[in-house]
Amino acid sequence: MRAKLEVLNRQELDDIYQTAIDILEKIGTNIEDDEIIKLLKDNGCRVGENKIVYIPENVIEKCLKTTPRGKINIAGRDNSKDMVVDGNQKYPYIISHVLMNYYDELNNNYRTITKEDMKRFITISDYLDTISGVWMCTLMPDFKKMYSFYEYELAIRNTTKPVCISSFEPDSIPPAYELAEAIVGGKEELMKRPLTVAFCEISPLTWNKYGCDMLKATAKWGIQPVITVETPMGDTGPATFAGNIAQKIAELLSGLVIVQLLQEGLPVFFVVPLETFDMRTAQICLASRTDYVYGCAVGQIEEYLNIPFFSPVSPDSKLLDMQEAYELGFSLLPRILSGNKGIVIHGLDQTHAINNELLIMMDEMILSGRRMIDGIDVNKETLAFDALKDVAGKMDGDRRNGHFLNHKHTLKWFTKEWVPRRDAVIDKYRREKWIEAGSKSFLQRANEKVEEILASHKPEPLPKDIEGKIEEIYKKYNIPKV
Amino acid sequence: MPDYIKPIYNAVLNFDIDLVKKLVSEAIDKGIDPIEIMNEGLSKAIVEIGDKFGREEIFLVELMVAADACKAGVEIVKKNILDSEIKAEKPKGVIVIGTVEGDIHNIGKDILKTLLETSGFEIHDIGVDQPADNFIKKAVSIDAKLIGSSALLTTTSPNQKEIEKKLQEAGMKGKIKTIIGGAATNSEWAKEIGADFYASTATEGVKIIKNYFKGE
Ligand code: B12
């Protein structure tokens with residue numbers, strides 16, 4: 001049986017969902033865009049005072065119907081590596097997020113991210129099988145305007161895996177769109193393998209002008225929108241799980257409704273962290289105890305809605321230390337086990353920094369997580385009665401002296417059950433041997449691995465015609481080279 | 001502190017808004033001097049609450065609820081005294097705060113606002129996504145001595161520099177001081193752009209601001 005965490009029963013899920021519907025119908029959504037207000041009104045929503053729009057259940061249902069299900073495709077250069085969320089996924093997709101700072105623990109250096117840092121981080125993500133793609137949102141100051149375009153270009157240069165971007169600049173959408181079109185090979189193809197762009201709603205229940213502009217820009221261009229909702233517990237969302245999740249669902253659905261009314265049939269998915277407002281430090285924390293609980297529920301919620309919820313894992317630790325490992329592990333594992341479809345890894349320091357060695361640790365953790373999902377197979381062969389009979393039958397006089405080490409049952413099964421790695425970075429030597437090898441910490445060994453990958457792995461270069469297209473885009477949109 | 005004030009002070013310290021309202025009304029009915037209720041009970045309590053939060057002895061939600069309790073008490077007091085009587089201690093300082101242009105993050109700014117209000121400052125919050133000019137116009141129009149700006153995005157922190165520039169242009173640099181904060185800022189950035197003060201947390205900000213106005 002495969003492992004599956006569940007913390008909500010059907011009735012509880014129904015109650016949460018019904019509350020979300022009530023929220024949209026009775027509390028309403030604040031919308032700072034007259035065009036969108038009119039669109040909602042024309043489609044059966046009630047518009048109250050102060051730009052509050054009340055969305056009735058029938059409108060939500062209608063929009064849920066026009067939302068394609070099982071059709072999320074997150075594309076990159078190599079279509080065989082696309083992340084396809086179609087209900088047949090065996091494991092969650094793991095996405096490494098590129099952020100604003102790079103933390104080099106071995107050299108005790110915390111810096112604003114550079115293009116070189118991004119290149120290296122993405123190259124490693126390109127190499128590791130457990131990483132499915134990258135997400136870009138650095139807002140690196142050198143990029144000045146057009147961040148999203150620069151970030152997208154930089155990412156696709158360094159990986160053939162899928163690339164998503166976060167944006168709040170509608171102006172950077174057209175050039176990014178043209179580049180995506182060139183990469184997948186035309187408009188038609190881009191409908192099937194769209195550009196994916198995330199942007200935020202503002203809690204509680206508000207679509208401000210930035211969000212509305214992004215809703216319109218993505219709908220206009222047929223870009224796959226990713227609606228992001230943050231409702232830190234006790235801050236812009238209730239301090240209780242049930243209410244907090246209901247509010248999230250209401251806000252996500254408000255976005256989905258607008259997307260469907262703007263562009264019927266556009267696939268859409270959600271990015272939904274669970275944050276806690278830490279009342280002691282006045283900081284918003286992602287990987288806290290509450291997040292671990294939410295991690296247990298997230299897979300169930302997305303299954304219930306039948307819309308993917310990608311969810312971030314974002315440790316607060318400032319170092320690659322015990323706190324970091326604890327927060328990463330506790331945040332990641334419940335998500336994996338609850339059936340979360342996509343997990344976005346934000347290195348460390350409250351979504352502010354990334355690190356290459358961390359990817360090596362993630363790689364190890366993800367492999368273990370996947371193995372846990374696979375669970376335990378019970379059948380005649382795995383029950384191993386015959387193998388045991390065989391081993392136990394080996395006698396040295398009156399004493400049993402058999403073992404499984406040289407048994408073909410072990411030969412056949414130990415790799416399947418254990419999933420060992422020949423190139424493991426995690427240390428399993430005996431102490432003397434470990435000392436002989438230099439008494440290295442995990443970080444040091446991971447760093448060696450990082451350097452090894454960077455020395456040997458060269459991401460597939462961009463084809464000539466795409467290079468040409470990029471030049472054209474720079475000229476056409478008057479984008480300065482950075 | 002007189003015995004008849006103490007329960008009011010304690011009710012604020014216990015974040016009990018209903019009890020504060022009840023006790024303040026009762027005290028006024030009993031003829032206790034409203035000004036005394038305000039200055040001895042409510043104000044002292046809220047200062048203590050602010051300090052407790054600074055020392056991490058209470059949680060922010062407790063501070064916020066206590067601040068509301070205190071405000072509710074003050075409302076009742078104000079209904080029972082003549083305007084002329086509200087010589088209501090001059091505010092410790094007048095400050096304009098806001099989040100810079102292009103940036104809609106308001107949580108940090110709002111916390112700073114509450115903490116400053118509970119410390120007796122008069123705060124004019126111009127909101128989020130505010131161009132540099134608006135900070136300066138507001139400050140000039142109300143004769144504020146300090147502008148506090150918040151920036152959470154690396155792309156919007158340059159707008160704090162814009163505030164410095166505009167102050168310079170208006171000939172107000174130095175006359176109106178500036179303090180910056182928010183996740184995209186640090187002390188080096190403050191130095192680089194010529195901001196007068198920087199604080200990494202709202203509590204720290206309140207300390208710096210108190211100090212500055214003490215010297216004023
Ligand atoms: C909550 C949040 C949001 C919410 C904001 C809700 C709201 N009402 O404010 C939402 C979801 C709307 C949002 C939107 C966006 N966000 Co945002 N957000 C955050 C998050 C998680 C927490 C910020 C926060 O409120 N912290 C809590 C407060 C209390 O902390 P604080 O602001 O630092 O304030 C403290 C001190 O700094 C100080 N302080 C603050 N201001 C001031 C001012 C003065 C004068 C003083 C003295 C002190 C002071 O006092 C406070 C208490 O101590 C951060 C990541 C993080 N973990 O920090 C990202 C983060 C800031 N966001 C980020 C981004 C990119 C965005 C978006 C652009 C995403 C998008 N694609 O749309 C949009 C912004 C759109 C826009 N135009 O502004 C990035 C910024 C990256 C960068 N390179 O700069 C961050 C770092 C996340 C990330 N790594 O991607 N966000």
Side-chain angles (χ1 to χ4, degrees), chain A residues 30 32 99-101 110-113 137-148 150-151 166-169 171-172 199-204 206-214 230-239 275-285 349-353, chain B residues 15 49-50 52-66 99 101-116 118 127-130 150-161 181-186 188-189 192-193 199-206:
Chain A
N30 183 200
E32 292 181 5
L99 298 163
M100 60 211 277
N101 298 303
Y110 188 96
R111 57 177 175 261
T112 302
I113 199 155
C137 185
T138 70
L139 310 186
M140 185 174 87
D142 290 356
F143 286 161
K144 302 246 162 35
K145 293 267 163 246
M146 293 286 184
Y147 311 95
S148 312
Y150 286 118
E151 291 179 353
S166 290
S167 183
F168 62 113
E169 309 174 83
D171 287 352
S172 65
F199 48 87
C200 297
E201 189 257 13
I202 316 272
S203 304
T206 305
W207 280 99
N208 74 354
K209 73 173 178 9
Y210 293 96
C212 289
D213 284 351
M214 288 305 299
E230 300 184 24
T231 56
M233 285 177 120
D235 177 12
T236 58
E275 293 141 313
T276 295
F277 190 88
D278 185 87
M279 295 289 176
R280 186 170 64 93
T281 57
Q283 278 300 291
I284 290 175
C285 303
D349 186 15
Q350 302 178 305
T351 79
H352 288 115
Chain B
F15 340 112
I49 283 279
K52 278 186 162 212
F53 176 70
R55 296 194 299 264
E56 296 183 12
E57 287 167 13
I58 58 168
F59 292 126
L60 187 69
V61 60
E62 295 168 330
L63 175 136
M64 292 283 190
V65 174
T99 302
E101 185 166 16
D103 203 322
I104 52 81
H105 295 87
N106 66 345
I107 298 166
K109 168 192 67 80
D110 289 355
I111 293 171
L112 178 72
K113 178 180 165 181
T114 305
L115 292 189
L116 285 171
T118 58
V128 297
D129 199 2
Q130 292 295 325
S150 183
L152 273 275
L153 301 173
T154 46
T155 52
T156 59
S157 56
N159 294 329
Q160 294 178 320
K161 193 169 170 181
T185 63
N186 54 38
E188 280 131 65
W189 175 243
E192 189 183 324
I193 66 170
S200 70
T201 64
T203 321
E204 196 61 37
V206 172

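Nothing here was measured: the structure is a model prediction, and the numbers come from that model. First the proteins, then the strands, lettered A, B, ... as listed; each starts at 1.
- For the atom pair CD1 (B/Ile58) and CE (A/Met279), the distance works out to 11.5 Å, reported to the nearest 0.5 Å.
- Residue A/Lys209 touches chain B through its side chain alone, counting heavy-atom pairs closer than 4.5 Å.
- Proximity of B/Thr155 to A/Phe168: side-chain heavy atoms (C-beta onward) are separated by under 4.5 Å at one or more points.
- Interface remark: A/Phe143 contributes no atoms to any contact with chain B (heavy atom separation under 4.5 Å).
- Residue A/Thr112: no heavy atom, backbone or side chain, is found under 4.5 Å from chain B.
- Closest approach of A/Leu139 to B/Thr154, counting heavy atoms only: O-OG1, 2.8 Å.
- Closest heavy-atom contact between B/Asp103 and A/Tyr210: N-OH, 4.4 Å.
- For B/Thr118, there are no side chain to side chain donor-acceptor pair (under 3.5 Å) partners two or more places apart in sequence or in a different chain.
- Contact tally against chain B (heavy-atom pairs below 4.5 Å) for A/Met100, A/His352, A/Arg280: the top residue is A/Arg280.
- Residue B/Thr201 does not touch chain A at all, counting heavy-atom pairs closer than 4.5 Å.
- Heavy atoms closer than 4.5 Å to chain A are found in the side chain of B/Asp129, but not in its backbone.
- Scanning both residues, B/Phe53 and A/Ala282, for their nearest heavy atoms gives CZ-CB, 4.4 Å.
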